[in-house]
Amino acid sequence: MRFGKKSADRIMDSISRLVDMPYEPANGEWNDVHKRLMDGRKKFEQAATKTMDAVIHMSSMDLTLATNVETVEQVNDSIATAVDTIHESISSTANIASEISKAHESLTETMIEASDASTGIMDEIQSCEDELTSITDLSASAIDTVTEMNTEMHGLLNIIQNMNEAISTISSISSQTNLLALNASIEAARAGEAGRGFAVVAEEIRKLAEETKTLTGNIGNFLISIQDASKKTSDSVDTTVAKLEHINERIQNVWKITGNNRNGMIQITDSVSSLAAVSEEISSSMGELDNQMQYVTTQCQSLKGNTESLEISSHSIAELVEPVKEIEKHLDESTKIMGAMAQDAFYMLDNQVVLDSLNSAVDAHQKWLETLKEMSRSGVLKPLQTDCTKCGLGHFYYSYKPLNPKVTPIWNALEEKHKTFHSYGTKMIDAIRSGSSGQLEQIYKEAEKCSKELISDFQKLIQIIRELTKEHIRIFE
């Protein structure tokens with residue numbers, strides 16, 4: 001088929017630049033060639049888009065797997081350590097339980113001995129109370145006897161007093177008789193011979209009076225001695241009564257003490273009975289504790305087996321990481337190859353593909369920042385991509401290089417900001433691992449500030465690309 005030079009130039013220009021051209025019948029097979037190339041580019045765009053999605057998902061999977069493997073290993077180590085600790089604690093508890101059991105047996109024997117001793121003490125207290133009762137009766141009887149004696153001694157003192165008065169009277173009569181006898185002797189002497197007999201009688205009377213006076217004096221002295229002795233006896237009896245009453249008071253105090261001791265021993269006996277009941281409960285609890293320890297030991301052994309299985313599983317998962325990394329690497333290489341191919345008009349991506357990728361990058365960026373915010377608040381590590389080449393934007397950014405001069409200045413400036421942004425993820429992880437919780441909020445604020453600059457750049461790029469699209473200009477040409 002023949003066509004003019006202008007027509008041929010238009011056809012060749014459309015095919016070389018792979019832009020739309022009218023499918024005129026005169027173009028013949030060139031229409032099919034152009035259509036096949038346009039369809040091929042569309043399919044290339046689809047392949048590039050799917051490959052990009054795949055490499056992003058593989059990066060996410062790689063990060064998730066690596067993080068989860070590390071978490072599983074840490075959890076498994078913690079469980080294994082906990083199992084060992086529990087096992088050691090059970091062994092220690094078993095030893096302690098054995099010691100407690102021995103101590104409990106000793107306590108039981110001591111309680112039995114205490115019970116027997118308390119019974120013996122109660123018997124002794126009862127005997128003591130019986131003796132005190134006997135002593136109290138004797139003391140009361142002695143007080144009564146001594147009191148009666150004291151009364152009789154007072155009566156004796158009264159009799160002695162009366163006798164002293166009688167003796168005093170006799171002594172007075174004796175003195176008067178002696179005086180009369182003396183007068184009689186004088187009168188007899190005056191009478192002469194006639195009064196001689198009377199004088200003899202008077203003399204005898206005088207002598208009798210003298211003897212009576214002497215006798216009454218001796219009796220008086222004797223009565224004074226008896227009176228003094230009776231007074232001392234009476235005082236001694238009073239003292240004895242006072243002492244007996246004091247002794248009786250002491251006995252009553254002893255009675256009270258003995259009663260308190262008896263009540264105390266009753267309480268001790270009750271306490272020993274309560275301890276015996278508690279001892280039975282302890283014995284039952286010790287048996288239950290032994291059963292529980294055996295159960296826990298069995299569970300620990302089972303858990304230890306599970307940790308071993310979990311360790312094997314974590315190793316298996318860890319082994320999956322390497323193939324995933326390899327696939328990610330191949331996919332990343334594929335996207336870079338496709339990115340290089342996109343410089344050619346035959347494989348050049350449509351602007352909408354770039355817009356979709358940028359919008360996805362913005363969404364992924366905001367989710368990343370939200371994860372960083374959660375980490376700053378909770379202080380708990382979460383899966384977070386810190387490699388700027390493996391995030392949603394990174395894969396696209398390092399694979400495709402726009403050529404349009406309106407786009408390239410902003411596009412090229414993204415790299416340093418993007419690296420800085422991801423560096424805050426590394427800082428956050430390091431701060432959490434080192435326990436520097438006071439730095440978390442500041443790190444997030446700095447990341448948030450950097451994020452606003454990046455979002456602003458993204459929005460500028462999106463606006464420029466949309467304007468170029470309206471002018472039918474692709475950013476890769």
Side-chain angles (χ1 to χ4, degrees), residues 45 47-70 318 320-343 347 349 353-372 375 381-403 407-430 443 446-458 460-462 465 475-476:
E45 285 181 353
T49 302
K50 291 184 181 297
T51 302
M52 182 61 65
D53 289 341
V55 72
I56 291 172
H57 287 307
M58 289 305 295
S59 293
S60 177
M61 184 187 297
D62 177 25
L63 175 64
T64 303
L65 280 174
T67 304
N68 287 337
V69 166
E70 183 180 357
L320 291 176
V321 174
E322 292 305 320
V324 169
K325 287 183 178 179
E326 192 67 21
I327 294 171
E328 180 188 2
K329 178 182 177 183
H330 292 326
L331 288 172
D332 187 60
E333 291 173 351
S334 298
T335 57
K336 285 181 171 58
I337 292 171
M338 291 179 177
M341 293 173 64
Q343 304 294 330
Y347 305 102
L349 299 180
V353 175
V354 179
L355 288 173
D356 292 342
S357 297
L358 284 174
N359 287 322
S360 297
V362 170
D363 292 339
H365 174 90
Q366 290 174 337
K367 290 178 181 178
W368 191 96
L369 186 64
E370 186 63 32
T371 301
L372 192 73
M375 291 171 64
L381 291 175
K382 293 181 177 295
L384 189 71
Q385 183 61 265
T386 57
D387 188 345
C388 64
T389 65
K390 293 185 177 182
C391 68
L393 174 64
H395 283 294
F396 186 82
Y397 185 85
Y398 289 100
S399 298
Y400 296 93
K401 300 294 181 183
L403 300 177
V407 175
T408 52
I410 301 174
W411 186 270
N412 293 335
L414 284 175
E415 182 175 14
E416 194 60 35
K417 294 179 182 179
H418 190 230
K419 285 181 179 179
T420 301
F421 181 71
H422 277 275
S423 69
Y424 291 116
T426 303
K427 290 180 181 178
M428 182 70 72
I429 293 171
D430 292 341
I443 293 172
E446 292 176 2
E448 187 178 33
K449 181 180 178 181
C450 183
S451 172
K452 290 179 180 178
E453 294 179 6
L454 280 171
I455 294 294
S456 176
D457 290 341
F458 288 153
K460 289 177 183 178
L461 279 173
I462 291 171
I465 294 172
I475 67 172
F476 294 103

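All values below come from the heavy atoms of this structure, side chains included, with hydrogens, waters and symmetry mates left out.
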Worksheet, complete the sentence: Residues passing the side chain to side chain contact (heavy atoms under 4.5 Å, CB included) test with Ile337, sequence neighbours excluded, are Met341
I'd like a table of donor-acceptor pairs (distance under 3.5 Å, sequence neighbours excluded) in which one partner is a side-chain atom from residues 364-371, with atom names and distances.
unit_1 : atom_1 : unit_2 : atom_2 : d
His365 : NE2    : Ser451 : OG     : 2.7
Trp368 : NE1    : Gln385 : O      : 2.7
Thr371 : OG1    : Lys367 : O      : 3.0

Discussion item. One pair to check against side-chain contact (heavy atoms from CB on, under 4.5 Å): Tyr398 and Thr335. What are the steps and the verdict?
Written reply: CA-CA 9 Å; Tyr398 289 100; Thr335 57; over 6 Å; no
Worksheet item: Distance from Phe421 atom CZ to Lys449 atom NZ, nearest 0.5 Å?
Response: 14.5 Å
Discussion item. Among residues at least two apart in sequence or on other chains, which ones pass side chain to side chain contact (heavy atoms under 4.5 Å, CB included) with Thr386?
Written reply: Thr426, Ile429
Item to complete: Show your working on side-chain contact (heavy atoms from CB on, under 4.5 Å) between Phe396 and Val354 and close with a plain yes or no.
Response: CA-CA 9 Å; Phe396 186 82; Val354 179; 4.0 Å; yes
Worksheet item: Considering all heavy atoms of both residues, which atom of Leu372 and which atom of Gly425 are nearest to each other, and what is their separation?
Response: CD1-CA, 4.1 Å
Discussion item. Which residues pass the side chain to side chain contact (heavy atoms under 4.5 Å, CB included) test with Ser360, not counting sequence neighbours?
Written reply: none
Discussion item. Restricting to side chain to side chain contact (heavy atoms under 4.5 Å, CB included), what partner residues turn up for Leu403, sequence neighbours left out?
Written reply: Gln343
Discussion item. Under the salt bridge (charged side-chain N to carboxylate O under 4.0 Å, His left out) definition, can you give me all pairs with a residue in residues 410-428, not counting sequence neighbours?
Written reply: Glu415-Lys419, Lys417-Asp457
Fill in: Closest non-hydrogen atom pair, Cys450 against Tyr424
CB-CE1, 4.0 Å
Worksheet entry | Asn412: partners by side chain to side chain donor-acceptor pair (under 3.5 Å), with sequence neighbours left out | none
Discussion item. Restricting to ring-ring contact (aromatic ring centres under 6.0 Å, His included), what partner residues turn up for Phe476, sequence neighbours left out?
Written reply: none
Discussion item. Using every non-hydrogen atom in the two residues, find where Pro402 and Thr408 come nearest and quote the distance to one decimal.
Written reply: O-CG2, 3.1 Å
Practice prompt. Report the residues that fulfil side chain to side chain donor-acceptor pair (under 3.5 Å) with Ser334, sequence neighbours left out, ordered by chain and then residue number.
Written response: none
Fill in: Validation row: Leu454, Leu393 side chains within 4.5 angstrom (heavy atoms)
no
Response to the item:
CG (Leu349) and CG (Leu355) are apart, to the nearest 0.5 Å, by 11.5 Å
Practice prompt. Taking side chain to side chain donor-acceptor pair (under 3.5 Å) as the test, write out the residues that go with Thr389, two or more places apart.
Written response: Asp387
Worksheet entry | Shortest non-hydrogen separation from His418 to Gly394 and the atoms involved | CE1-N, 4.0 Å
Worksheet item: Taking Tyr397 for the side chain and Trp411 for the main chain, is one N or O donor matched with an acceptor at less than 3.5 Å?
Response: yes
Fill in: Pairing residues for Ser357 by the side chain to side chain donor-acceptor pair (under 3.5 Å) criterion, not counting sequence neighbours
none
